[in-house]
Structures are given as structure tokens and as C-alpha cells.
Amino acid sequence: MTAGPEVIQLIMELRGQGITDTDVLSAIEKVPRDRFVPEAFRERAFENIALPIAQGQTISQPYIVAYMTQALQVGRRMKVLEIGTGSGYQAAVLAQLCRRVYTIDRYRTLVQEAERRFAELGLSNITTRIGDGMKGWPEQAPFDRIMVTAAGTEIPQALIDQLGPEGVLVAPVGHSAGDQSLVRLRRTGDGIQREELIGVRFVPLVPGLAQDATGP
Ligand code: SAH
């Protein structure tokens, strides 16, 4: 499949913003973001902006998806856990770069919609689960990489515990929407290293299962 002009434009913009990892850029180029946004926003799918999805959630800005994916340093043979499936877009991007993606959301309908998209796009290396991602996915742990796409006041200990040796975790952390930063943890022989990367704005990480709202 050849990428349309609006995709090429987006990739150039991401390069200009400092996304240099060519594997990440080609993953973004391959995943049709228009298939992950609501019908009403389809024309704006390749703009470098966050967009609303169902259940009051958002699909992140492509720059943030690219930045977090690059920061995660994903390798071909890795097993990756994502918390916050949302539309499924970030999981689809990760699936281009690793062996298998495990993704969890607390909304049943979001998970079902994302699964339908993965099937339509022939993405067979993504496993989904409806549940509280703050507890991780103990049956599948350890993970080489973990990405959290909703902001908590701290990184849930269960996720840190499920990070394998040399594992890397990237998560937005903050107390309010205007005061979040992206944090990267790395498990080393000497313990957990912590780095703060950039300022971000994510929907909150909320414990427990969600009650799906019906309608738009
Ligand atoms: N990665 C998504 C965007 C995520 S928006 C994409 O590419 O479209 C954040 C998502 O995190 C929402 O769908 C929200 O329901 C989910 N979320 C928030 N708290 C959660 C929790 N405790 N467990 C699982 N999912 C959670």
C-alpha cells in the first residue's frame, strides 16, 4: 500500500519535530489512522492533533504516539504491554515493531471496536483484554516493554513489578491535566532508573472497570 500525500506530510512534520527513528516513522506510515477515528473526524485523521473517540476518551496526537513509541525503544522480538487501548491506534503502531502486543482497557465497547479494527487490518499479533490495567496482566508477565496511555498520579507498582530485566516503561504522570510529564523507567541491575521526558496531556488513569455509555 502506498501512503497518500497527507500521510507523507504528517511523516515530514514528525521528522521536523525530532522523531528520527525510521522504524517508528514507517510504523506510523503503515497504520491508517483514519480507521481508528470516528466517522465525523475522518478528514482530519492525518492532522497532527488529538481527536475525541467514544466514552469521552481521546486518540493521542500522532507526535505523542511517535514520541512515546520512540522513547520505548521497542525491538522485533519483544513482548509489549499497553494500558489504555482506546481506539487501538497506539497498539497497532506498536504491533508493527514487536512480536506481540497485549493491550487492556476498562471500557468493553472500546476493546470490542479496537478488536474489530485489528481483524479488518489483519493485525494478528495483538491480544486484548477488558480490565483494570492498573493491575497489569500478571498471567502474561514479564514484559520487555510497557506503555501507559492514561495519566496517573504515580506509576502503578503492579506494572513496575511486571517489567522484565532491562525492561522499559513509559507513562504520563501528573496530578492535574495541565501538569503531567512523560516518565521513563528502566529496570537495570542496580534497580529502577527514572527519567522525566516531556510535558504531556492525557486523560486520567482510573481504577476498576468502567460502565460503558451507549450512544455517541
Ligand atoms: N492508546 C489509545 C488512547 C488512550 S486514551 C489510542 O491509541 O487510541 C486512554 C485510555 O485509557 C482510555 O480508553 C481509558 O478508558 C483507558 N484507561 C483509563 N484508566 C484505565 C485503567 N485503569 N485500565 C485500563 N484502561 C484504562
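Each ligand, and each atom within it, is numbered from 1 in the order the structure gives. Position 1 is the first residue of the sequence, and the numbers go up from there.
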Please list, in number order, the atoms of ligand 1 under 4.0 Å from a heavy atom of [X].
X: Ala150; value: 11 (O), 18 (C)
X: Ile104; value: 24 (C), 25 (N)
X: Tyr107; value: 15 (O)
X: Leu110; value: 13 (O)
X: Val203; value: 5 (S), 9 (C)
X: Thr85; value: 1 (N), 2 (C), 6 (C), 8 (O)

So do [Y] and [X] actually touch side chain to side chain, heavy atoms under 4.5 Å?
X: Val24; Y: Val93; result: no
X: Ile53; Y: Pro38; result: yes
X: Gln162; Y: Pro138; result: yes

Counting non-hydrogen protein atoms only, what is the nearest one to [atom]? Give residue, atom name and distance.
atom: atom 8 (O) of ligand 1; value: Ser87 OG, 2.6 Å
atom: atom 7 (O) of ligand 1; value: Gln90 N, 3.0 Å
atom: atom 13 (O) of ligand 1; value: Asp105 OD2, 2.6 Å
atom: atom 11 (O) of ligand 1; value: Gly84 CA, 3.3 Å
atom: atom 20 (C) of ligand 1; value: Arg106 CD, 3.2 Å
atom: atom 3 (C) of ligand 1; value: Thr58 O, 3.3 Å
atom: atom 12 (C) of ligand 1; value: Gln57 OE1, 3.2 Å
atom: atom 22 (N) of ligand 1; value: Val206 O, 2.7 Å

Hey, does Asp132 come in under 3.5 Å of ligand 1, counting only N/O atoms on both sides?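 Looking only at distances, the answer is yes, because the N/O contact criterion of under 3.5 Å is met.
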Contact (N/O only, under 3.5 Å) between Gly133 and ligand 1: yes
Electrostatic pair Arg116:Glu113 at N-O distance under 4.0 angstrom: yes
Judged on heavy-atom distance to atom 9 (C) of ligand 1, which of Leu205, Thr149, Ile59 sits nearest? Thr149
Consider only side-chain N and O atoms of Asn48 and Gln17, and report whether a donor and an acceptor are under 3.5 Å apart. yes
So which atom in Ala71 and which in Leu197 form the shortest heavy-atom distance, rounded to 0.1 Å? CB-CD1, 3.9 Å
Grab the two heavy atoms, one from Leu14 and one from Ala66, that are nearest each other, plus how far apart they are. CD1-CB, 4.2 Å
Residue among Thr149, Thr103, Thr69 satisfying side-chain hydrogen bond (donor to acceptor under 3.5 Å, both in side chains) with Gln90: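 Between Gln90 and the candidates, side-chain hydrogen bond (donor to acceptor under 3.5 Å, both in side chains) is satisfied uniquely by Thr69.
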Check whether NZ of the Lys or CZ of the Arg Arg33 lies under 6.0 Å from the centre of the six-membered ring of Tyr89 and within 45 degrees of that ring's axis.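 So Arg33 does make the cation-pi contact.
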Can you name the side-chain contact (heavy atoms from CB on, under 4.5 Å) partners of Arg186, sequence neighbours left out? Gln73, Val168, Arg184, Thr188, Gln193, Glu195
Atom NZ of residue position Lys135 - does it have more than 12 heavy atoms of other residues, nucleotides or ligands inside 6.0 Å? no
Arg108 atom CZ, over 12 foreign heavy atoms within 6.0 Å: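 12 or below, so no.
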Is there a salt bridge (Lys or Arg N to Asp or Glu O under 4.0 Å) between Glu39 and Arg42 once you walk through the steps? CA-CA 5 Å; Glu39 195 74 54; Arg42 209 137 287 177; 3.4 Å; yes
Could you tell me if any non-hydrogen atom of [X] lies under 4.0 Å from any atom of ligand 1?
X: Pro204; result: yes
X: Glu82; result: yes
X: Gly131; result: yes
X: Thr103; result: no

